[in-house]
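Nothing fancy with the numbering, it's 1 onward along the sequence. Bear in mind that the values here come from a model prediction, so they are computed numbers and not experimental data.
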Amino acid sequence: MIVRLFFNNRLEAGQIICLDEKQSHYLGNVLRLRAGDVFYVFDGQTGEYEAQITEFAKHGATAVIGSKTKEMSLSPDIWLLFAPLKKDKTDMVIQKATELGVRKIIPVRTAFTNAEKVRIERFTAQAVEAAEQCRRLDVPVIEDVQLLPELLKNWDVSRTLLFLDEKGRGRKIIDALSGQNKAAVLIGPEGGFRSDEAQMLEELPFVKSVSLGQRILRAETAAVAALACWQAVNGDW
């Protein structure tokens with residue numbers, strides 16, 4: 001079993017690091033590691049390293065950073081914009097988007113968004129855990145929730161926005177993806193986009209309306225499917 005932990009500080013060989021209470025509990029009480037055992041650490045800045053546990057103490061463990069095992073590389077430049085869903089479904093979207101190499105995740109509040117609470121700390125924790133497990137070297141940036149009109153008003157027009165039209169009126173997604181190596185995917189809420197929102201999106205020059213076929217997909221399924229298509233065409237698969 002490969003054990004990996006994320007540290008949100010720059011790492012280097014020979015450095016002594018202190019594990020927080022949660023990390024110490026995971027290594028010592030869940031995995032039953034002991035002083036002298038080795039695990040892996042990554043910082044999202046310099047790469048991945050071996051680390052050897054030096055001590056388990058009352059308030060946490062310490063480890064020494066060893067040799068670098070992987071040079072740093074960023075995930076592809078694809079973003080995910082999605083309307084937050086109910087708790088378990090949102091967790092799934094965050095986890096799978098991280099596994100699929102999304103570089104940035106932006107929660108978007110639309111007219112039909114039915115999740116009242118948006119907990120960025122929880123989203124970040126989900127992303128970190130997924131990054132640790134899937135062996136990626138960076139963790140996606142999680143931005144604060146934004147209102148759809150404000151997000152579009154301030155959009156960088158050099159980044160194509162792929163609008164997943166649940167009514168199937170857009171181009172086939174594979175046809176729309178060619179050459180889109182700097183893009184974002186927008187997934188609506190469970191009730192879809194309100195008609196005025198859809199019209200607003202369709203009128204913007206940087207937006208491409210795309211379809212995922214004849215079947216109506218759940219929002220969490222659409223997110224995974226669209227990102228998988230993008231990775232296959234423009235990403236690092």
Side-chain angles (χ1 to χ4, degrees), residues 1-80 82 84-85 87-107 115 117-145 220 223-224 227 231 236:
M1 178 181 178
I2 296 175
V3 181
R4 300 176 79 239
L5 293 178
F6 173 69
F7 282 80
N8 196 22
N9 291 300
R10 190 178 183 89
L11 299 171
E12 60 182 19
Q15 179 181 357
I16 302 296
I17 59 173
C18 297
L19 286 71
D20 62 29
E21 186 175 348
K22 181 180 178 181
Q23 292 169 329
S24 300
H25 172 76
Y26 176 64
L27 294 182
N29 297 329
V30 178
L31 299 181
R32 303 293 184 181
L33 299 186
R34 296 292 179 261
D37 287 336
V38 172
F39 61 102
Y40 295 86
V41 291
F42 65 106
D43 59 5
Q45 303 176 59
T46 62
E48 180 187 84
Y49 302 79
E50 284 188 344
Q52 185 176 44
I53 300 170
T54 54
E55 180 185 19
F56 278 102
K58 182 177 180 181
H59 299 293
T62 56
V64 60
I65 303 299
S67 60
K68 183 179 289 189
T69 56
K70 286 185 178 181
E71 291 293 340
M72 183 60 196
S73 63
L74 291 174
S75 296
D77 197 3
I78 181 68
W79 298 1
L80 174 65
F82 79 105
L85 307 166
K87 179 181 174 182
D88 292 343
K89 293 180 179 180
T90 292
D91 289 349
M92 176 187 170
V93 169
I94 298 294
Q95 292 165 359
K96 299 313 175 186
T98 302
E99 292 176 24
L100 287 165
V102 164
R103 192 180 292 187
K104 181 181 286 188
I105 299 173
I106 306 177
K117 294 182 179 179
V118 177
R119 298 175 177 174
I120 301 302
E121 289 185 3
R122 178 181 176 84
F123 291 3
T124 301
Q126 293 284 353
V128 166
E129 183 177 340
E132 290 172 342
Q133 293 176 353
C134 75
R135 301 207 71 181
R136 66 180 281 179
L137 296 173
D138 58 344
V139 175
V141 175
I142 312 287
E143 291 200 350
D144 287 332
V145 63
E220 64 272 24
V224 173
L227 292 172
Q231 278 285 21
D236 58 5

Is a side-chain N or O of [X] found less than 3.5 angstrom from the main chain of [Y], in a donor-acceptor match?
| X | Y | value |
| --- | --- | --- |
| R119 | E121 | no |
| T98 | A131 | no |
| D43 | L11 | yes |
| Q231 | D236 | yes |
| Q52 | D37 | no |
| R32 | L27 | no |
| K96 | E220 | no |
| R103 | S75 | yes |
| E99 | A130 | no |

Taking all non-hydrogen atoms of both residues into account, name the closest pair between [X] and [Y] and its distance.
| X | Y | result |
| --- | --- | --- |
| V224 | L100 | O-CD1, 3.8 Å |
| I94 | A127 | CG2-N, 3.7 Å |
| A13 | Y49 | N-CE2, 4.1 Å |
| L137 | G47 | CD2-C, 4.4 Å |
| K68 | E71 | NZ-OE1, 3.3 Å |
| N9 | Q45 | C-NE2, 3.7 Å |

**Asked** Would you say F39 and R4 make side-chain contact, with heavy atoms under 4.5 Å?
**Response**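 A side-chain contact under 4.5 Å is absent here.
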**Asked** Do P107 and I120 have side chains that get closer than 4.5 Å, going by heavy atoms?
**Response**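 Result yes, sub-4.5 Å side-chain heavy-atom pair found.
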When rounded to the nearest 0.5 angstrom, what is the spacing between [atom1] in [X] and [atom2] in [Y]?
| X | Y | atom1 | atom2 | answer |
| --- | --- | --- | --- | --- |
| R136 | F6 | CZ | CZ | 10.5 Å |
| I65 | E12 | CD1 | CD | 9.5 Å |
| E132 | Y40 | CD | OH | 15.0 Å |
| T62 | L19 | OG1 | CG | 8.0 Å |
| I17 | L5 | CD1 | CG | 8.0 Å |
| F42 | F7 | CZ | CZ | 10.0 Å |

**Asked** Does a donor on one side chain sit under 3.5 Å from an acceptor on the other, for T69 and E48?
**Response** yes
**Request:** Please lay out, stage by stage, how F82 and I105 fare under the test side chain to side chain contact (heavy atoms under 4.5 Å, CB included).
**Result:** CA-CA 8 Å; F82 79 105; I105 299 173; 3.7 Å; yes
**Asked** Under the side chain to side chain donor-acceptor pair (under 3.5 Å) rule, what pairs show up with a residue in residues 19-28, not counting sequence neighbours?
**Response**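 Sorted pair list: H25-N29.
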